[in-house]
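Convention: sequence-line order gives letters A, B, ...; per-chain numbering from 1.
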Number of protein chains: 2
Amino acid sequence: MTKLQQAILEILKNSKDHFTAEDVFWALKPQFPKLALGTVYRNLNYFSDQKMIRRVYRADAPDFYEWNTKPHDHAVCIKCGVTSDLFVPDLKDFLKSQILCDIVSFDLNISYICPECSGKNFETEEE
Amino acid sequence: MTKLQQAILEILKNSKDHFTAEDVFWALKPQFPKLALGTVYRNLNYFSDQKMIRRVYRADAPDFYEWNTKPHDHAVCIKCGVTSDLFVPDLKDFLKSQILCDIVSFDLNISYICPECSGKNFETEEE
DNA sequence: TTCACTGCAAAAAGTTTGCACTGAG
DNA sequence: CTCAGTGCAAACTTTTTGCAGTGAA
């Protein structure tokens, strides 16, 4: 494991944020001035292939990568734009009960108004 | 509404399939030999802006367009690759009850083994 | 010396856009 | 004559890849 690879993993490990390849690239650029974006992609994809991190495919925005590899969903606040991890308990069982099929996996993305932006004090189940 | 625009809508209207812009392009090419892919995109996007059809953004595959504008989800069979419309009853209420937040919208995509491929006779709630 | 890792640049894939043209009204 | 709709080609965004160089063991 090279210094660069360690540094890439450290960035993800030390934050609950969701990083695009470019985020990681710019975060490391001061420390690795010759760093290339392609190299960042290559390493991030290698790590996610190894299940060390999770890659989240997105449709109309760059994919992001996160440290949290446990199953969870994502919620994007339509006010502040922040993406949060979100775990919906019993969702798989609920889906199975409703559609009566063998579910292999599923991907849920929620648009919502986060507690901070709603001004109210809702609690979210987070993981 | 031009002949081309009518023809594009007809293709979506007459099928429950999910069409990429290229699907539509090739379906119309015989009838409109000079047709350009960009024009197909422009019209499909115009129609979806007008809520006449629905555009479904996809992460690692071309977006598709469908006639069904009613809220529903999608399930992709991992065996045969077919995408089906799927309506999960009461899902929004279930999500609200679990995460206690104001949900604006959500997007659910399921990977599963469809009834035909599983060899069993499961019934799916479809819309 | 070796070879995994890297930088660089080009390519790939999907989609959008600028511009000139054309044809129906 | 006008101008909405079109074809064409180039641009754009995100991501991947081929290739040559390089640096640690």
Side-chain angles (χ1 to χ4, degrees), chain A residues 1-13 17-67 74 76 81 83 107 109, chain B residues 1-13 17-67 74 76 81 83 107 109:
Chain A
M1 170 110 27
T2 63
K3 296 272 182 201
L4 174 60
Q5 291 173 330
Q6 287 169 26
I8 290 173
L9 286 179
E10 282 299 311
I11 286 180
L12 298 198
K13 185 178 189 173
D17 288 349
H18 305 82
F19 294 92
T20 65
E22 247 201 304
D23 291 338
V24 173
F25 172 76
W26 286 114
L28 290 177
K29 195 67 174 169
Q31 194 181 344
F32 299 87
K34 286 186 295 182
L35 181 62
L37 185 55
T39 305
V40 175
Y41 270 105
R42 229 178 328 221
N43 280 306
L44 288 171
N45 290 342
Y46 172 75
F47 294 143
S48 62
D49 288 347
Q50 301 299 312
K51 314 290 184 196
M52 300 166 68
I53 62 176
R54 174 172 167 191
R55 175 180 183 167
V56 178
Y57 291 88
R58 292 193 299 172
D60 42 0
D63 298 345
F64 61 70
Y65 300 83
E66 61 183 347
W67 184 253
H74 294 100
V76 180
T83 297
D107 179 52
N109 290 90
Chain B
M1 173 109 26
T2 63
K3 295 271 182 202
L4 175 61
Q5 291 173 330
Q6 287 169 26
I8 290 173
L9 287 180
E10 281 300 311
I11 286 180
L12 299 199
K13 187 177 189 173
D17 288 349
H18 305 83
F19 294 92
T20 65
E22 250 201 302
D23 291 338
V24 173
F25 172 76
W26 286 114
L28 290 177
K29 195 67 175 170
Q31 192 180 345
F32 300 86
K34 286 185 297 182
L35 180 62
L37 184 56
T39 304
V40 175
Y41 271 106
R42 228 177 331 222
N43 280 306
L44 287 171
N45 290 343
Y46 172 75
F47 293 143
S48 62
D49 289 346
Q50 302 297 312
K51 315 288 184 196
M52 300 165 68
I53 63 176
R54 174 172 167 191
R55 175 180 184 167
V56 177
Y57 291 88
R58 293 192 299 173
D60 42 0
D63 298 344
F64 61 71
Y65 300 82
E66 61 183 348
W67 183 254
H74 294 100
V76 180
T83 297
D107 180 50
N109 293 293

query: Reckon Tyr41(B) has a side-chain N or O less than 4.0 Å from the OP1 or OP2 of dT16(C)?
result: no
task: Name the closest nucleotide to the Leu4(B) side chain, picking from dG7(C), dG7(D), dT15(C).
output: dG7(D)
message: I need the CZ-C1' distance between Arg55(A) and dT16(D), as an integer number of Å.
response: 10 Å
message: Less than 4.5 Å apart, side chain to side chain, heavy atoms only: is that true for Asp23(B) and Asp17(B)?
response: no
- request: With the side chain counted from C-beta on, respond yes when Leu37(B) and Thr39(B) share a heavy-atom pair under 4.5 Å apart, and no when they do not.
  value: no
task: Could you state the atom-to-atom distance from CG of Leu35(B) to P of dT6(D) in whole Å?
output: 9 Å
field: Whole angstrom value for the distance that separates P of dG23(C) from CE of Met1(B)
entry: 21 Å
- request: Would you kindly give the CG-to-C1' distance between Leu28(A) and dT6(C), to the nearest whole Å?
  value: 14 Å
- request: Between Glu22(B) and Ala36(A), just flag the one whose closest nucleotide in DNA chain C comes earlier from the 5' side.
  value: Ala36(A)
message: Could you tell me if the side chain of Glu66(B) sits less than 4.5 Å from the side chain of Arg55(B), heavy atoms only?
response: no
field: Nearest heavy atoms of Pro62(B) and Thr20(B), plus distance in Å
entry: CB-CG2, 4.0 Å
- request: Name the nucleic acid region contacted by Arg58(A), choosing base, sugar-phosphate or nothing; use a 4.0 angstrom heavy-atom cut-off, strictly under.
  value: nothing
message: Could you tell me how far apart Leu37(B) (CG) and dT6(D) (P) are, to the nearest whole angstrom?
response: 14 Å
field: Residue pair Asp107(B) / Asn109(B), side-chain donor-acceptor N/O under 3.5 Å
entry: yes
message: Whole angstroms only, please: what is the CZ-C1' distance between Phe32(A) and dT6(C)?
response: 12 Å
message: Can you see if the side chain of Asn43(A) gets near the phosphate of dC5(C) - specifically, an N or O under 4.0 Å from OP1 or OP2?
response: no
task: Let me know, please, whether Pro62(B) or Arg42(B) comes out on the 5' side of the other along DNA chain C by nearest nucleotide.
output: Pro62(B)
Rounded distance in Å - NZ (Lys29(A)) to P (dC8(C)): 7 Å
- request: Select base, sugar-phosphate, or nothing to describe what Gln5(B) touches, counting heavy atoms under 4.0 Å on all strands.
  value: sugar-phosphate
message: Quick check on dT6(C): is either OP1 or OP2 less than 4.0 Å from any side-chain nitrogen or oxygen of Thr2(A)?
response: yes
